[in-house]
Amino acid sequence: MRLDTSAELDAFRAEVRSFIRTHAPGRKTHAGVRAPAPALVPELRRWIARLHDAGYLGRSWPTEYGGLADPRPEPAFVVAEELARARAWGQIGAGALAAGALLAHGTEQQKHRFLPRLRSGQDLWCQLFSEPEAGSDLAGLRTRARRDGDHFVVDGQKVWTTNAQYADVGYLLARTDPGAPKTRGITAFALDMRAPGVEIRPLREITGTADFNEVFLDGVRIPADRVIGEVDGGWRVAGASLAQERGSVAARSAELLDDLSGLLALAARPGPEGLPPLGDAAVRDRLGRLATRVYVADLMSKAVQSRMAAGTDEPTDPAMVKVFFSDTNLDAVSLGVRLQGLDGLLAEGDDRAVDGGYWQDALLYARAYTIAGGANEVLRTTIAERALGLPREPRS
Amino acid sequence: MSLSLGEEQEELRLLVRTFLDDKATSHRPPPPGTGPQKYDGGLWRQLSGQLGLTGLAVPERFGGAGLGPAELGVVLEEMGRALFPSPFFATAVLAGQTVTHCGDEAAMERWLPDIVSGALTATLATAEPDGSWAADPPATVADRGRDGWVLSGTKTYVVDGHTADLLLVTARCPDGVGLFGVPATAPGLTRTVLDALDPTRPLARIRLGATPASRIGTGDASESLAAVRDLVRAALAAEQVGGAAACLDMAVGHAKTREQFGRPIGSFQAIKHKCAQLLVEVECARSAARFAGSVVGSPGTEAAIAAAVARSYCSEAFTHAAKENIQIHGGIGFTWEHRAHLYLRRAKSSELLFGTPREERARLARLTMSEGAAP
Ligand SMILES: Cc1cc2nc3c(=O)[nH]c(=O)nc-3n(C[C@H](O)[C@H](O)[C@H](O)COP(=O)(O)OP(=O)(O)OC[C@H]3O[C@@H](n4cnc5c(N)ncnc54)[C@H](O)[C@@H]3O)c2cc1C
């Protein structure tokens with residue numbers, strides 16, 4: 001469903017759509033936030049540069065760093081939606097997150113160094129936040145950074161780092177003051193991923209693909225001018241940059257709508273004895289329930305987008321969109337496998353797998369959305385406390 | 001258009017909220033078995049004639065404000081929140097919108113000004129004892145007698161049917177489904193108030209025995225009635241959002257003040273997560289209902305899809321909120337005196353009015369199959 005937009009935005013959407021159709025390299029074959037095949041990466045760097053040059057990514061940035069200083073979030077939503085709709089690649093890794101941190105807290109020198117390289121696709125970023133002992137309780141992170149003259153020396157381990165295998169720069173959180181209360185002794189850094197002492201080991205996910213990694217940091221030296229924001233002020237930097245990540249609100253429902261179209265096609269596909277699943281009233285009911293949720297997820301995301309555009313959004317809005325989206329997504333992709341009957345047994349390696357095994361992979365991947373970027377249980381606690389004012393529970 | 005309220009809609013919302021807070025608070029449920037809650041005629045005249053609420057979606061040439069389903073939704077969300085007993089839904093939505101969209105100027109002139117002023121209460125009678133909301137063709141028959149049309153048959157689940165001054169009735173005609181106006185005082189008409197699950201929304205059974213009636217419009221009315229049904233469904237969805245929001249407010253209020261084990265029960269995650277989930281659902285329901293309110297009334301399948309989405313979602317969101325509210329209240333929420341059960345009664349009942357969630361889902365599956373899902 002579409003909200004009325006301005007003629008200008010409609011024209012912009014049409015332009016973006018045709019740009020993507022003409023220029024986007026490769027179509028994503030897997031759902032979700034995945035790592036590209038190695039061979040595609042050089043082409044994706046050029047594509048990321050093109051998206052920035054066209055004013056489609058980084059549009060809100062100040063003009064001196066290559067943006068259009070367009071404060072409206074709507075064009076960014078349109079771009080995110082169109083990329084997701086087309087299953088095209090956009091920025092990969094943590095570029096948007098890092099840009100948010102740099103724009104809000106970076107020094108002039110850092111902005112001039114990193115932002116142009118980010119726009120040109122020369123630097124891919126990854127997010128070095130989570131650790132084996134610090135996931136939901138991120139402030140419990142243990143990776144240490146010790147001052148040594150005009151450098152910091154970092155020791156520790158990060159985990160679940162998506163796209164670390166391609167990243168040039170890591171947006172790192174490390175503990176600089178172990179004596180301070182948990183959130184106060186953390187510092188944010190821009191880490192050169194090629195620095196000596198950085199070791200990246202791929203991890204294989206439940207989907208069988210290797211999208212994320214472990215990153216070991218052993219005596220890694222970071223120049224002090226790579227501290228983003230204040231020393232010991234990293235918690236604030238991380239908070240501000242997470243708040244910048246708005247596009248995902250729009251991208252997710254576009255992908256869901258596309259999945260709904262896929263489900264409708266599956267439901268109409270003749271099964272055993274030539275009968276389509278849609279002939280069954282129970283299937284129609286399940287499909288109707290799912291269509292309801294998908295449209296509602298889309299409308300909820302649009303409501304939040306319009307609040308963001310009007311500046312009336314609440315801090316917990318993205319969390320609400322994410323919780324509803326990820327639960328709905330789980331239902332959607334489960335139904336996708338279910339509608340295949342016995343063919344549901346096949347995965348993408350089999351050339352007879354329905355839709356190339358998309359739904360089986362998506363079913364497994366669906367759990368990433370309920371865990372990554374804030375597990376749903378933790379988000380519900382946040383919503384209850386911040387939006388409803390229920391008593392807070394102990395935390396860092 | 002946006003899914004947030006405009007400035008004037010927000011003013012309207014505040015006006016209704018203030019009115020209901022001042023005038024309509026703390027009504028207790030009537031004792032069991034004593035029939036439906038009665039409405040206050042004085043308040044009715046204030047909200048219609050004075051505040052102009054019954055005329056919001058009536059064209060200006062009949063004294064209305066010429067607004068539409070979005071504004072009706074604003075009012076109904078507030079009324080649903082307060083569980084305000086009044087013939088507003090029956091008069092302004094069911095009957096008012098049926099007449100407004102019937103295409104019969106004479107009928108509009110005859111009834112709309114009185115609906116606007118509050119002098120006339122009215123309702124729509126389509127359901128029949130066979131259990132369908134819009135039997136096509138209806139079992140109720142219309143015959144052309146010597147002095148005009150007469151109707152015979154039984155209508156049931158008629159909202160406010162025992163008090164409405166005017167009943168709009170569907171009946172089988174030689175040329176399709178006909179729509180008729182029948183004054184409550186017409187000969188051969190008897191009405192029985194039903195013992196309804198929801199005492200705050202009275203229902204009646206209407207028997208018509210060769211009852212004289214005036215025909216509204218000409219030819220088959222199925223199409224205009226279908227359009228009205230989308231308007232009605234959007235309005236009901238808005239009312240359900242209000243009900244769900246009230247349940248959430250009540251639950252959160254209780255969770256903050258009730259203490260067990262030395263701390264507020266709202267500090268326990270089991271309770272917290274229920275409340276957070278309800279907030280997500282209320283926000284989702286509101287987005288769906290507002291979107292439906294902004295597109296119903298315009299031609300095309302988008303309105304039908306939006307109404308089906310809103311009803312299918314808001315119905316279940318409200319029922320879920322009403323159930324969880326009772327759970328979060330514990331024993332006190334299980335008493336007749338506490339208002340929590342009234343919301344569950346309203347929630348369950350409004351799921352069934354004008355199409356169940358299951359029927360809405362079947363419609364939606366059909367509509368999206370023919371339309372394709374993508375925007
Ligand atoms: C696909 C994927 C990609 C990722 N990419 C990155 C990345 O690029 N960079 C990065 O830094 N991180 C990344 N992450 C990590 C992600 O942010 C964490 O997995 C997430 O924060 C959860 O932490 P955890 O895995 O340690 O789980 P835990 O925090 O151990 O949680 C386990 C379970 O306990 C529950 N739980 C925890 N605390 C509470 C509480 N207080 N109340 C109730 N329940 C609780 C959780 O909800 C969850 O169900 C990624 C994760 C995934 C799955």
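Lettering follows sequence order; numbering is per chain, from 1.
- Here the side chains of Gln277(B) and Ile383(A) are not in contact, with every heavy-atom distance at 4.5 Å or above.
- Proximity to chain A (any heavy atom under 4.5 Å) is restricted, for Leu248(B), to the side chain, taken from C-beta onward.
- Proximity to chain B (any heavy atom under 4.5 Å) is restricted, for Leu278(A), to the side chain, taken from C-beta onward.
- The shortest non-hydrogen separation linking Ala276(B) to Arg380(A) is CB-O, 3.2 Å.
- Residues Thr292(A) and Val309(B) approach most closely at CG2-O, 3.7 Å, considering heavy atoms.
- Within the 4.5 Å cutoff, side-chain heavy atoms of Arg307(A) are placed close to those of Ser4(B).
- Contact record, Gln269(B) with Glu393(A): NE2-OE2, 2.9 Å, taken as the closest heavy-atom pair.
- Separating the OG atom in Ser312(B) from the OH atom in Tyr295(A) is a distance of 12.0 Å, to the nearest 0.5 Å.
- For a residue to count as touching a neighbouring chain, one of its non-hydrogen atoms must lie under 4.5 Å from one of that chain's; by this rule Gln305(A) does not touch chain B.
- Taking both residues in full, the closest heavy atoms of Leu390(A) and Gly266(B) are given as CB-O, 3.8 Å, listed atom of the first, atom of the second, then distance.
- Closest of all the heavy-atom pairs between Cys284(B) and Val296(A) is CB-CG1, 3.4 Å.
- In terms of heavy-atom proximity, Lys272(B) sits nearest to Pro391(A) at NZ-O, 2.8 Å.
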